[in-house]
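As structure tokens, the structure follows; a few thoughts come after it.
Every heavy atom of this structure was used, including side-chain atoms; hydrogens, water molecules and symmetry mates were not.
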Amino acid sequence: MARRSRVTTASPSAVKLCPAINLTVVEQDHVLKLLENGGWDERIEVIEVGDFVRSHIVYAQHFTVVYDTLLGPLSGQWLAQRVTQRNPDKPVLVIVSHSDWDHCWGNQCFDVPIIGLDLCAQRMLGEVGQAELASKRAEHPSYAAVVLKAPTFRLSGEATLDAGDLTFRLLHTPGHRPDHLALYLPEIATLLPGDAVETPFALLDECDPVQDLKQMRATLRGFLDLPIDWLLPNHAPPQPGSGLIQANLDYYERLCDLAAQSDSLEKLQESFPYSGPSDQEFYVKDHQRIVAAAWQAQSSSRAIK
């Protein structure tokens, strides 16, 4: 299913710490910004497209990693030029968090190894990816130039990359999408969770409510087992600590507990109302969808815990 447009709200402190530089206009007239470092490791750059999505570049000793290539050839080309300008003699790797369009349609701008799960490639090149491409092309002409380019190095599970000064742990973290990879850098206790952590809550996949809820909760619990000094999500501001992970887990734990206690979807909706920003229709609707998924899972013969 195609990801809809959304807006993420940065906290006042995050905005104050992270002013933007190097502004440029990319797909769908979004403004791409390179954020000034707000306290995270200086080897990491955070690139923000509007208030919509973020990408990250990590400049390690042996190679540079681009974690997600953004919306298409305009934003992807900016990333490709950025890594060349800052570190022209260093090999580059792209790591794709998952197959949603706003994370990987800039792949076509990179003639370098692109790493992702095999399932990510299947989704990008199959019906899911084709449907997203048709939908976005109908939405805005800037997507007409998109050419789908799947990962060229396809993983069947998790992996570890040694970059000399940094270790890149690629974590299979389903729940938001089955092909989702998060990135953890243990030397600097920094987690790049992709879309598995978000403000006001991480979005649940739409395949199997029972499996999706199990996976989401397991992913968030796994994150909390990691030492985290900095959290750099794709749909939330950069921030120290693991507080947002805990808040995302609390959302799903409470939802599942209330679903087990409710005798109807209506009762569950009453007991678990939307509590995020009221002006964000995208999250209001997705909250309703996730609550319905929890009720469907609870109503099945299988346990969701």
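To the nearest 0.5 angstrom, Ile228 atom CD1 is 10.5 Å from Gln239 atom CD. Here Cys104 contributes atom SG and Ile95 contributes atom CD1; the two are 14.0 Å apart, rounded to the nearest 0.5 Å. We find the CG-CG distance between Leu185 and Leu192 to be 6.0 Å, quoted to the nearest 0.5 Å. Distance check, rounded to the nearest 0.5 Å: OG1 of Thr219 to CG of Leu249 gives 10.5 Å. Of the inter-residue distances, the one linking Glu48 atom CD with Leu35 atom CG reads 5.0 Å to the nearest 0.5 angstrom. Taken from OG1 in Thr69 to CG in Leu79, the straight-line distance is 7.0 Å, to the nearest 0.5 Å.
Without hydrogens or angle criteria, Arg289 side chain to Leu204 main chain gives a donor-acceptor distance under 3.5 Å. Between the Asn87 side chain and the Val83 main chain, no donor and acceptor come within less than 3.5 Å of each other. Side-chain atoms of Lys214 never come within 3.5 Å of backbone atoms of Pro209 as a donor-acceptor pair (strictly under, hydrogens ignored). A distance-only check finds no donor-acceptor pair linking the side chain of Arg177 to the backbone of Asp100 [under 3.5 Å]. Counting only distance, with no hydrogens or angles, the side chain of Ser271 and the backbone of Lys267 share a donor-acceptor pair below 3.5 Å. Between the side chain of Glu187 and the main chain of Thr167, a donor-acceptor pair closer than 3.5 Å is present. In terms of modelled atom types and a separation under 3.5 Å, the side chain of Lys90 and the main chain of His62 share no donor-acceptor contact. Side chain of Glu27 to backbone of Ser75: a donor-acceptor contact under 3.5 angstrom is found. A donor-acceptor pair under 3.5 Å is absent between the side-chain atoms of Trp78 and the main chain of Arg82, judged by distance alone. A donor-acceptor contact shorter than 3.5 Å links the side chain of Thr190 to the backbone of Ile188.
Asp68 and Ser55 share no donor-acceptor pair across their side chains, judged by distance under 3.5 Å alone.
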| field | From CA spacing to verdict: side-chain contact (heavy atoms from CB on, under 4.5 Å), Trp105, Leu71 | value | CA-CA 5 Å; Trp105 279 7; Leu71 284 68; 5.7 Å; no
| request: Please report the C-alpha distance between His235 and His103 in whole Å, then the side-chain angles of each, then the deciding distance to 0.1 Å, and finally whether the ring pair (Phe, Tyr, Trp, His ring centres under 6.0 Å) criterion is met. | output: CA-CA 11 Å; His235 292 290; His103 299 270; 5.3 Å; yes
| said: Between Asp250 and Arg254, does the salt bridge (charged side-chain N to carboxylate O under 4.0 Å, His left out) criterion hold? Intermediate values first, please. | reply: CA-CA 6 Å; Asp250 290 347; Arg254 177 162 173 74; over 6 Å; no
| message | side-chain contact (heavy atoms from CB on, under 4.5 Å) for Leu191 and Leu232? Distances and angles first, verdict last. | response | CA-CA 6 Å; Leu191 177 65; Leu232 305 177; over 6 Å; no
| task | Could you please spell out the steps behind the side-chain hydrogen bond (donor to acceptor under 3.5 Å, both in side chains) verdict for Ser156 and Asp118? | result | CA-CA 6 Å; Ser156 58; Asp118 182 61; over 6 Å; no
| Working for salt bridge (charged side-chain N to carboxylate O under 4.0 Å, His left out), residues Lys136 and Glu132 | CA-CA 6 Å; Lys136 295 306 291 184; Glu132 281 193 326; over 6 Å; no
| said: The test is side-chain contact (heavy atoms from CB on, under 4.5 Å); show your working for Leu148 and Leu133 and say whether it passes. | reply: CA-CA 8 Å; Leu148 298 181; Leu133 184 57; 4.0 Å; yes
| task | Apply side-chain contact (heavy atoms from CB on, under 4.5 Å) to the pair Leu224 and Ser242, showing each step before the final yes or no. | result | CA-CA 7 Å; Leu224 289 174; Ser242 55; 4.1 Å; yes
| field | Test salt bridge (charged side-chain N to carboxylate O under 4.0 Å, His left out) applied to Arg217 and Glu253, step by step | value | CA-CA 7 Å; Arg217 296 163 80 188; Glu253 296 282 24; 2.5 Å; yes
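Within the 4.5 Å cutoff, the side chain of Ile115 has no heavy atoms near those of the Val96 side chain. Looking at heavy atoms from C-beta onward, Val146 lies in side-chain contact with Pro73 at the 4.5 angstrom threshold. Side-chain contact between Leu181 and Leu117 is present, with at least one heavy-atom pair separated by less than 4.5 Å. Leu34 is listed as a side-chain neighbour of Glu45, based on a closest heavy-atom distance under 4.5 Å. The side-chain heavy atoms of Arg43 and Asp165, taken from C-beta on, include a pair separated by under 4.5 Å. Contact check for Asp179 versus Gln122: no side-chain heavy atoms found under the 4.5 Å cut-off. Within the 4.5 Å cutoff, side-chain heavy atoms of Gln28 are placed close to those of Tyr143. You'll find the side chain of Ile245 stays beyond 4.5 Å of the side chain of Pro193, heavy atoms only.
Under the rule for a ring pair (Phe, Tyr, Trp, His ring centres under 6.0 Å), His56 has no partner lying at least two apart in sequence or in another chain.
Across Ala196 and Met216, no two heavy atoms sit closer than the pair O-SD, 4.3 Å. Residues Leu213 and Cys256 come closest through the heavy atom pair CD2-SG, 4.2 Å. Leu183 approaches Leu170 most closely through the heavy-atom pair CD1-CD1, 3.8 Å. Closest approach of Ile114 to Phe110, counting heavy atoms only: CD1-O, 4.1 Å. Summarising the geometry of Cys109 relative to Ala80, their closest heavy-atom pair is O-CB, 3.8 Å, with the distance given to 0.1 Å. Of all non-hydrogen atoms in Cys120 and Pro151, the two that sit nearest each other are SG-CG, 3.9 Å.
Between His176 and His180, the angle of the ring planes goes over 60°, which puts this pair in the perpendicular group of the 30/60° scheme. Relative ring orientation between Phe201 and Tyr251 is described as parallel, the plane-to-plane angle staying below 30° on a 0-90° scale split at 30° and 60°.
Hydrophobic clustering (ILVMFWY, side-chain heavy atoms < 4.5 Å, transitive): Val284 and Leu265 are in one cluster. Cluster membership for Trp101 and Leu119, using ILVMFWY side-chain heavy atoms within less than 4.5 angstrom, is not shared. Hydrophobic clustering, with ILVMFWY side chains joined whenever heavy atoms are under 4.5 angstrom apart, keeps Val112 apart from Met124. Under the 4.5 Å side-chain heavy-atom criterion for ILVMFWY residues, a single connected hydrophobic cluster contains both Leu155 and Phe153.
More than 12 heavy atoms of other residues, nucleotides or ligands lie within 6.0 Å of CZ in Arg137, so this atom counts as buried by the packing criterion. Counting non-hydrogen atoms of neighbouring residues, nucleotides and ligands closer than 6.0 angstrom, the CD atom of Glu281 reaches no more than 12 such neighbours.
Residues Tyr184 and Trp230 place their aromatic rings such that the two centres sit no closer than 6.0 Å. Taking the six-membered ring wherever Trp is involved, the centroid distance between the rings of Phe63 and Phe168 falls below 6.0 Å. Centroid-to-centroid, the aromatic rings of Tyr283 and Tyr274 stay 6.0 Å apart or farther.
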